[in-house]
Structure formats: C-alpha cells, structure tokens
Amino acid sequence: MDTPENEKRSLNFIESIIEEDLRENKNEGRIHLRFPPEPNGYLHIGHAKSICLNFGLAESYNGMCNLRFDDTNPEKEDVEYVDSIKEDINWLGFKWNDQPYFASDYFDQLYDWAVKLIKDGKAYVDDQPQELIREQRGIPTQAGVESPGRKRSIEDNIKLFEGMKNGEYPDGSMVLRAKVDMTSPNMHLRDPIMYRILHKEHHRTGDKWNIYPMYDWAHGQSDYIEGITHSVCTLEFEVHRPLYNWFLDQIAENKYRPRQIEFARLNLSYTVMSKRKLLELVEDKYVNAWDDPRMPTISGLRRRGYTAGSIRAFAERIGVAKRDNVIDVGLLEFSVREHLNSIAPRVFGVLNPVKVVITNYPEGKVEDMELINNPEDAEAGSRKVPFTREIFIERDDFMEDAPKKFFRMGPGREVRLKGAYIVKCEDFAKDTNGNISEIYCTYDPDTKSGSDSSGKKVKGTLHWVSATHSFNAEVRLYDRLFSDEDPAGHKEVDFKEFLNPDSLRILPGCKLEPSLKDARIGDKFQFQRLGYFCVDKDSTPEKMVFNRTVPLRDSWGKRK
RNA sequence: UGUCCGAUGGUGUAACGGUAGCACUGCAGAUUUUGGUUCUGCCGGUCAAGGUUCGAACCCUUGUCGGACAACCA
C-alpha cells in the first residue's frame with residue numbers, strides 16, 4: 001500500500017507467463033490476445049470470465065485484444081449472435097482492437113496454406129465414408145490404421161481438393177486430412193480433418209465456399225495471421241495444443257509463434273453453462289428468451305439488473321487457475337449487492353400490501369416526508385415521500401401472535417415507520433377467510449423523523465407507502481432456475497428434471513412510492529428492506545414491471 | 001493396459017525452498033430510523049506414503065482421487 005515498490009502483487013499463472021515473456025522480450029515485447037467466440041449462441045457468465053481475462057490482460061500489460069468470430073461452421077452460426085456478442089462485450093465495458101475480426105476473412109489464406117501442405121506431402125484427400133474414417137482412427141488406448149488416401153499422389157490430391165472447393169462433390173463425400181501420425185496416443189494427431197465439404201451459405205461469405213475449415217486448422221492460423229502472442233482458451237483444448245503447434249510449424253515463415261495457454265472454465269452452482277443446454281431451454285420454452293432474467297447469459301443478467309461492474313468484480317474475485325472449480329452462485333450475488341449498495345437509490349415499495357389506518361391522523365392531510373436517497377452516497381440527496389392517514393405495509397411485517405424476537409408490528413406494539421412517525425398497533429380486522437384485512441394504529445406526533453422529541457426507542461422500522469399516493473406495479477421475483485447444485489452432473493437424470501418450478505413468481509399488485517413513476521427501463525433501486533430491483537423492458541406507461549435482481553441479505557429470515 | 005492436465009479450510013484463490021494469507025460462506029459481538037451497510041472477533045486447509053534439503057504446499061518417486069481426449073462441432 002504505502003510501499004508499492006516492495007509489494008509484489010500476486011499473479012495468476014497466465015500473468016506469470018506474460019511477465020516472463022516480457023522479461024525475455026519475446027515477440028519484441030508485444031502482448032496481443034484475442035477473444036474468439038463462435039457466433040452460435042448468446043454469451044454467458046462463463047464467457048464473461050474469459051472476456052474479463054483476455055481484455056483485462058491486454059489492459060494491464062498495455063497490449064491489445066482482438067474480438068474474433070470463429071465462424072467456420074455455417075450450419076450453426078448466425079448474425080443474430082454476432083450482434084448480441086458485440087453488444088455484450090461493449091456493455092461489459094471492453095474495447096476490442098480495431099474492427100471485429102472473422103475467421104471467415106481468412107478462408108482464402110487458409111486454402112492456400114492447405115494447398116501448400118498438400119504439396120509438401122503433409123495433407124491428403126480422403127474419400128472414404130465417414131464411418132470408416134472414424135473406425136480407422138482407433139481408440140485412445142489403441143493405435144489407428146492409415147487411410148489409403150495417404151498414398152495418393154500430390155497431383156491427384158491437388159486436383160481432388162480443387163474439386164472439393166469448386167463444389168464438384170456432394171457433402172460428406174470427401175475430406176482433406178493432415179498427414180501426422182495415426183499411431184499417436186493423442187487422438188487429435190491421428191490425421192485430423194482440415195476441411196469438410198459443406199454446400200451451405202455462410203452468413204458472411206455467402207455461397208463462395210463449398211468447403212469449410214475445421215477448428216484446429218482455422219484457429220491457430222487465425223492467431224498467427226493476427227499476430228496473437230498469447231492464445232488463451234479453456235482446458236478442453238489442452239490436448240489440441242500439439243496439433244495447434246504442428247500446424248503452425250507447417251506454415252510459419254519465421255520464429256514467431258502464438259502460444260496457446262489453457263485455463264479452467266467457470267462452473268457456477270445451481271446453473272447449467274453449456275450453450276447446447278441453454279439453447280434447449282430457450283427453444284423448448286422452459287424460459288422466455290435468451291435474456292430471460294433467470295438465464296446465466298450476459299443479456300439475462302443485464303436484464304435481471306446486474307451491473308457490468310459487478311460482473312467484472314466477480315470475474316476478478318474468482319481468479320484464474322487450471323484446476324476444476326465450482327463457484328458458489330452466492331459469490332455472484334455478493335458482487336451485485338456490493339455494487340448496487342453503493343449506487344442504488346433507496347425507495348419504498350410494498351410487495352404484499354396490507355392496509356394500515358392511522359386513526360388519530362387527520363383525514364385528507366398529506367405530509368411530505370424527507371427521505372435520504374442513499375446513505376452510502378452523500379451526493380445522492382433526498383426526496384419527498386407523501387405520508388397519509390391510510391398506508392400500506394408489508395403483510396409479513398405484521399403478526400397477530402408475534403414472538404419476542406419479532407421486532408415488527410403486532411397488537412399493542414410500537415414500530416417506527418421509516419422517515420415518518422412511531423405508530424402503535426391498537427387493533428386489526430379480518431376478512432371472512434380469516435386473513436388480516438386492516439390494521440388500526442395511532443401515531444405519536446412527537447416522533448416525527450428528524451424532529452423526534454419523544455425520546456422513544458423502538459426495535460423495528462418498517463417501510464410503507466401512502467394508500468392514496470402509491471401506484472400499482474408488477475414485480476417479478478426470481479429464484480434459482482435449478483433446484484440441484486449440479487443439474488448437468490447426473491448421468492441418469494436429464495438436467496431439466498431439476499428445473500425449479502418456483503423460479504419465477506409474478507406479484508401483480510405491488511404498491512410503489514410515487515417517485516418511481518418516472519423510472520425508466522433498466523433503472524436500478526433498492527426497495528428498502530427487500531432487495532435490489534430494476535425496471536424491466538416489459539414495462540408500459542400503464543403498467544410498470546420490476547425485476548428483483550437479488551434480495552437483501554436477511555439474517556432474520558435465515559434464523560426463522 | 002493409452003496420452004495429457006490437475007489436487008491448499010465448506011467454496012474459490014495466494015504463498016515462486018524460509019511465519020500457510022486473502023475473499024465468499026458460517027458463527028459471535030458492536031453500530032444502525034433498512035433484521036441492509038459498516039466494524040471487530042472466531043471456526044476452518046496443504047490428497048497419501050517415501051525421498052532430497054538446515055528447512056518442502058512448493059523439488060523428485062510411487063500411489064490415490066478428479067478432469068479432458070475417440071464430430072466431417074468449437
């Protein structure tokens with residue numbers, strides 16, 4: 001702190017590698033990363049970890065980070081996804097170097113390099129059926145057998161490969177394979193497929209190509225073209241690294257090589273993180289959309305009310321390493337609360353209202369009570385909230401037979417109405433079903449907030465809204481989408497079996513203080529004593545809709 | 001019977017051969033006109049066995065456990 005020159009910030013293993021490279025002046029000291037999403041789905045919190053890592057590394061080491069779309073599979077990819085991905089990265093607050101890059105921009109170069117490999121005797125066309133190729137590959141514990149295509153002449157290979165490119169052959173009829181080693185214990189080195197035939201329109205190259213490169217043939221080469229120095233990816237690509245390096249060695253013209261570094265992907269408790277499963281939830285309508293506030297997508301979290309800052313703080317807190325990990329979803333919630341606590345204006349909203357009549361308060365009288373907007377932020381100022389004879393309080397804040405530790409309202413008890421008066425409960429009424437229908441209180445005029453001369457001390461303070469000035473709104477309460485800690489971790493049980501039936505509760509008749517009428521979509525508030533809420537995009541001038549981002553910590557509710 | 005990777009409190013993550021620290025969670029207390037925030041304290045950990053060393057979470061060996069790899073997906 002005061003001795004920064006002596007203090008060594010602890011580094012994660014990737015930072016250690018980078019600093020060592022810097023010391024050795026590798027790549028003339030350039031630091032250049034990339035975030036390479038496939039545009040086949042929406043980004044989720046796991047991607048956020050990767051985004052914060054890559055762009056964050058570029059920021060802290062004065063380097064650059066490219067956004068590159070890994071768009072080599074037109075069967076799954078779509079512009080809808082590239083747009084959402086750009087939006088999400090922007091929203092998180094990161095700037096990519098230059099324009100977004102696309103692997104599809106390198107198709108010509110990739111093709112030329114493939115031809116070079118053929119000419120070098122390092123690649124060949126295989127026209128065997130897919131099943132045969134798979135069989136010949138063998139299994140991890142047992143070597144594969146070589147394809148007859150390996151013996152084809154260079155001339156024939158060139159001709160066939162050209163034919164593939166020109167669309168002379170049907171889908172699946174042949175592939176281009178690298179000639180590496182069918183006996184390698186690493187499956188990825190057993191003559192991996194470089195190109196497949198796909199007569200499919202690509203969202204950027206149109207119908208120009210009838211063949212598309214595979215991931216392994218596209219990725220490292222793209223890194224090379226862009227001058228990437230550190231190619232950071234997740235652990236499942238670790239076994240690809242020898243192939244990544246092999247391909248680079250075939251095409252590189254100097255000693256520069258991008259270096260692939262793998263880290264452990266994020267797992268969150270009570271959450272599924274695979275794109276396939278998230279897509280299934282959307283397509284089969286288990287949730288309403290990709291940005292459903294229950295989704296772990298960046299767009300879902302944004303709509304839920306999460307701030308970019310809280311997600312970045314979360315990513316910082318969870319760290320980066322190579323061991324498998326499951327982060328408690330509570331840590332993500334902690335991160336939003338922490339941020340929202342410092343910035344969210346406090347307001348009154350009653351979710352489950354019950355009417356209180358203050359019998360000794362004059363009918364028709366309105367007092368504007370001065371309420372602090374945010375005790376954490378002196379700049380936030382204050383606002384006026386109207387107080388009247390009839391108000392609403394939270395149904396949960398009243399108990400007919402209240403235990404000793406219950407600090408709220410009950411027959412004969414005194415509580416403070418925050419920012420207003422201390423009231424005493426004198427009586428209550430029930431409807432025919434036995435539910436409390438009205439509560440009758442008296443107030444003490446000497447206890448007005450800010451000018452209390454009574455000397456009274458009470459245990460409980462309640463939020464409230466004026467029955468005549470508040471307005472109705474819909475509030476949506478969210479709970480975790482899955483009831484199991486690891487919904488995707490059960491071999492015998494489909495993850496959808498663990499869907500929480502109460503993940504969304506809609507409260508149609510909530511009562512909000514009048515100042516909230518001016519709130520706009522995305523605005524965030526602390527509904528005092530309840531939690532953090534934001535205005536949902538479903539809001540209309542007639543009916544406002546609020547999402548509960550996260551409840552406040554509740555040491556009372558936990559105890560019960 | 002294959003190759004690669006990993007193993008530090010309940011959960012994450014540091015310690016780079018020299019006092020096992022930090023965050024979240026949990027528990028206890030203080031403050032509080034939010035049972036919020038803030039503050040204080042506490043509980044709790046190096047997978048196992050050998051070896052190297054004055055000294056090992058860290059280096060070596062063996063074992064155990066976990067993960068990844070057998071799409072014309074990325």
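In what follows, chains are A, B, ... by sequence order, proteins preceding strands, each numbered from 1.
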Considering every strand and a 4.0 Å limit on heavy-atom distances, what is the contact class for [X]: base, sugar-phosphate, or nothing?
{"X": "S16(A)", "answer": "base"}
{"X": "P37(A)", "answer": "nothing"}
{"X": "M214(A)", "answer": "sugar-phosphate"}
{"X": "Q128(A)", "answer": "base"}
{"X": "P192(A)", "answer": "nothing"}
{"X": "H240(A)", "answer": "base"}
{"X": "E38(A)", "answer": "sugar-phosphate"}
{"X": "V326(A)", "answer": "sugar-phosphate"}
{"X": "N12(A)", "answer": "sugar-phosphate"}
{"X": "Y195(A)", "answer": "nothing"}
{"X": "G41(A)", "answer": "nothing"}

Dot-bracket assigned to RNA chain B with the 3.5 Å Watson-Crick/G-U criterion, [ ] for crossing and | for other-strand pairs, is .((((((..((((....[..)))).(((((.......)))))....(((((..]....))))))))))).....
Can you measure [X] atom [atom1] to [N] atom [atom2] for me and round it to whole angstrom units?
{"X": "R177(A)", "N": "A70(B)", "atom1": "CZ", "atom2": "P", "value": "15 Å"}
{"X": "W464(A)", "N": "U34(B)", "atom1": "CH2", "atom2": "P", "value": "15 Å"}
{"X": "F525(A)", "N": "G36(B)", "atom1": "CZ", "atom2": "C1'", "value": "18 Å"}
{"X": "I372(A)", "N": "U32(B)", "atom1": "CD1", "atom2": "C1'", "value": "14 Å"}
{"X": "R346(A)", "N": "U33(B)", "atom1": "CZ", "atom2": "C1'", "value": "14 Å"}
{"X": "Q136(A)", "N": "A70(B)", "atom1": "CD", "atom2": "P", "value": "18 Å"}
{"X": "F314(A)", "N": "U13(B)", "atom1": "CZ", "atom2": "P", "value": "11 Å"}
{"X": "E316(A)", "N": "U13(B)", "atom1": "CD", "atom2": "P", "value": "13 Å"}

Check this for me: does any side-chain nitrogen of one of [X] and [Y] sit under 4.0 Å from a carboxylate oxygen of the other?
{"X": "K459(A)", "Y": "E414(A)", "result": "no"}
{"X": "D171(A)", "Y": "K200(A)", "result": "no"}
{"X": "R152(A)", "Y": "D127(A)", "result": "yes"}

Scan residues 416-423 of chain A against RNA chain B and write down, sorted by residue number, each residue with any heavy atom closer than 4.0 Å; if none is found, say none.
-> R416(A), K418(A), G419(A)
Report the residues that fulfil side-chain contact (heavy atoms from CB on, under 4.5 Å) with S84(A), sequence neighbours left out, ordered by chain and then residue number.
-> Y42(A)
With RNA chain B as reference, determine whether I318(A) or L11(A) sits nearer its 5' end, using the nearest nucleotide of each.
-> I318(A)
Could you run down nucleotides 20-25 of chain B 5' to 3' and tag each one B, S or - for protein heavy-atom contact under 4.0 Å?
-> ---SSS
Cationic tip of R68(A) within the cone over F35(A)'s six-membered ring, i.e. under 6.0 Å and within 45° of the normal?
-> no
Short side-chain N/O contact from R68(A) to OP1 or OP2 of A74(B), under 4.0 Å | no
Span that lies between the P atom of A56(B) and that of C60(B), in whole angstrom = 16 Å
Tell me, which pairs form a salt bridge (Lys or Arg N to Asp or Glu O under 4.0 Å) where one or both residues lie in residues 173-183 of chain A, sequence neighbours left out?
-> D126(A)-R177(A)
Are the ring of W556(A) and the six-membered base ring of G35(B) within the stacking cut-offs of under 5.5 Å and under 30°?
-> yes
A71(B): syn or anti, with syn meaning chi within 90° of zero?
-> syn
When you compare the protein's N or O atoms with those of nucleotides 1-4 of chain B, which come within less than 3.5 Å of each other, and at what distance?
unit_1, atom_1, unit_2, atom_2, d
G2(B), N2, P185(A), O, 3.4

For this output row, return yes or no: ring centroids of F392(A) and W464(A) closer than 6.0 angstrom.
-> no
